[in-house]
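What follows is a set of notes on a single structure, which appears directly below.
In this text the structure is predicted, and so the values were computed from the model without any measurement. Below, chain A is the first sequence line, B the second, and so on; all start at residue 1.
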There are 2 protein chains.
Amino acid sequence: MAPSSTIPIGELSRLTGCNIETIRYYERIGILPAPVRYGRFRRYDSAGVRRLAFVRRARELGFPLDTVRTLLLLAEGGSHSCDQVRQMAEGQLAEVLAKRADLDRMAAVLGDLVEACGAGDAGGCPLLEALSD
Amino acid sequence: MAPSSTIPIGELSRLTGCNIETIRYYERIGILPAPVRYGRFRRYDSAGVRRLAFVRRARELGFPLDTVRTLLLLAEGGSHSCDQVRQMAEGQLAEVLAKRADLDRMAAVLGDLVEACGAGDAGGCPLLEALSD
DNA sequence: CTTGCATCTGTAGTCACTACAGATGGTAGA
DNA sequence: TCTACCATCTGTAGTGACTACAGATGCAAG
């Protein structure tokens with residue numbers, strides 16, 4: 001019944017797809033609590049796996065680690081503050097959309113330049129000329 | 001007729017929209033050559049302005065500084081190697097498209113979660129639950 | 001017995017800046 | 001003349017989120 005911490009860091013890494021170095025890094029900066037040790041070795045339980053999986057999923061959505069910290073607190077403390085969570089998600093969505101708009105612009109310009117470059121121009125490379133203005 | 005280096009770093013910054021600290025940083029890492037000095041003060045000429053503008057434009061397309069270095073060399077040395085330039089641009093375009101695809105996925109998930117969160121759920125925050133799996 | 005594996009600690013490197021602290025020199029106003 | 005302000009200078013450290021190493025330790029299998 002007890003969580004029985006038996007999972008070594010390598011297996012945690014495999015289970016979550018998170019680099020071992022990254023796991024230790026998360027511990028160092030307080031995203032993950034220091035786990036039980038047997039001798040020098042970290043051992044994790046299922047709660048540890050769940051916590052790291054949570055972090056990974058939040059990171060995959062682009063939430064910065066500071067926000068992940070807050071999300072973890074809210075997830076722990078019961079979800080009374082759905083409003084706050086939604087606000088953070090909306091902020092993150094706005095970030096993502098802004099970055100996507102940037103990338104769209106870059107892709108459009110790059111696409112044009114690659115095309116112009118392909119249409120073998122006499123004299124100079126149109127891409128370099130575009131950058132030189 | 002001589003380039004007559006009279007532009008101080010502050011004006012170069014204004015002309016190119018590039019932060020002063022960034023200009024000095026570019027100099028330190030060899031992206032920009034060390035300019036003429038009058039006393040301790042850097043003075044730039046129009047060639048310096050053009051070079052930095054080139055760098056800025058390349059950076060706006062997301063080219064990493066190492067690639068910008070190469071582009072500068074190619075732009076200087078006459079544009080014999082349009083092929084190489086096009087290859088770099090294609091690589092960069094692929095990067096941009098891949099990142100955009102990532103952001104699309106994030107935006108889709110975040111959009112769904114924000115929406116679910118908005119539809120006031122009884123019990124728990126659907127967003128936190130989704131992260132907790 | 002030694003080879004290999006997993007783990008450990010601690011530090012430094014990545015990328016592209018950005019932010020200071022503290023010094024210097026010149027001009028302009030009171 | 002004093003002082004306030006401005007731009008510039010050098011050098012170092014901080015950012016975010018890792019990643020990469022060096023070098024030690026301990027255990028089990030061949």
| remark: To the nearest angstrom, the OH-P distance between Y38(A) and dC27(D) comes to 16 Å

| Atom-to-atom span, CD1 of I20(A) to C1' of dC5(C) - whole angstrom | 11 Å

| query | Should L74(B) and Q84(B) count as side-chain neighbours, where that means a heavy-atom distance under 4.5 Å? | reply | yes

| query | Which whole-number value in Å describes the distance from K99(B) NZ to dC15(C) P? | reply | 13 Å

| remark: Atom CD1 of I29(B) and atom P of dT12(D) are separated, to the nearest Å, by 18 Å

| field | Among dC8(C), dC18(D), dT8(D), the one nearest I9(A) by side-chain distance | value | dC8(C)

| Under the 3.5 Å rule, do the base of dT10(D) and the side chain of R40(B) count as making a donor-acceptor pair? | no

| field | Distance, nearest 0.5 Å, that separates OG1 of T16(A) from CD1 of I7(A) | value | 10.0 Å

| query | Heavy atoms, side chains only, cut-off 4.5 Å: are I29(A) and R69(A) in contact? | reply | yes

| field | same_hphob_cluster(L97(B), V96(A)) at 4.5 Å side-chain heavy-atom cutoff | value | yes

| request: Remember a base hit wins even if backbone is also touched, and classify R69(A) as base, sugar-phosphate or nothing at under 4.0 Å, heavy atoms. | output: nothing

| query | Is there side-chain contact between R86(A) and C125(B), with heavy atoms separated by less than 4.5 Å? | reply | no

Could you give the side-chain donor-acceptor pairs of residues 17-27 of chain B under 3.5 Å, partners two or more places apart or in another chain?
from: N19(B); atom 1: OD1; to: E21(B); atom 2: N; distance (Å): 3.1
from: Y26(B); atom 1: OH; to: R56(B); atom 2: NH2; distance (Å): 3.1
from: E27(B); atom 1: OE1; to: R42(B); atom 2: NE; distance (Å): 2.7

| said: Given dA16(C), dT10(D), dC8(C), identify the nucleotide with an atom nearest to the side chain of R42(B). | reply: dT10(D)

| L52(B) and V36(B): same hydrophobic cluster, using ILVMFWY side-chain contacts below 4.5 Å? | no

Can you pull every protein N or O that's under 3.5 Å from an N or O on nucleotides 18-21 of chain C?
from: dT18(C); atom 1: OP2; to: T22(B); atom 2: OG1; distance (Å): 3.3
from: dC20(C); atom 1: N4; to: E21(B); atom 2: OE1; distance (Å): 3.4

| task | Could you check how far CD of Q92(A) sits from C1' of dG16(D), rounded to whole Å? | result | 14 Å

| remark: Heavy-atom nearest nucleotide on DNA chain D taken for F41(A) and for Y26(A); more 5' hit belongs to Y26(A)

| task | Give a yes or no on whether L71(A) and V114(B) share a hydrophobic cluster (residues Ile, Leu, Val, Met, Phe, Trp, Tyr; joining criterion: side-chain heavy atoms under 4.5 Å apart). | result | no

| message | With a cut-off of less than 4.0 Å, is there a side-chain N or O of R37(A) near OP1 or OP2 of dT9(C)? | response | yes

| Is D102(A) salt-bridged to K99(A), cutoff N-O under 4.0 Å? | no

| task | To the nearest Å, give me how far apart CD1 (I7(B)) and C1' (dA7(D)) are. | result | 16 Å

| field | Rounded interatomic separation in angstrom, taking CZ from F63(A) and C1' from dA17(D) | value | 17 Å

| task | Mind checking R43(A) for me? I need base, sugar-phosphate or nothing, with any heavy atom below 4.0 Å counting as a touch. | result | nothing

| field | Flag side-chain contact, heavy atom, 4.5 Å: L128(A) against F54(B) | value | yes

| task | Rounded off to whole Å, could you give me the CD1-to-P distance for the I23(A) and dA17(D) pair? | result | 17 Å

| Taking DNA chain C as the partner, which of residues 10-17 of chain A come within under 4.0 angstrom of it by heavy atom? | G10(A)

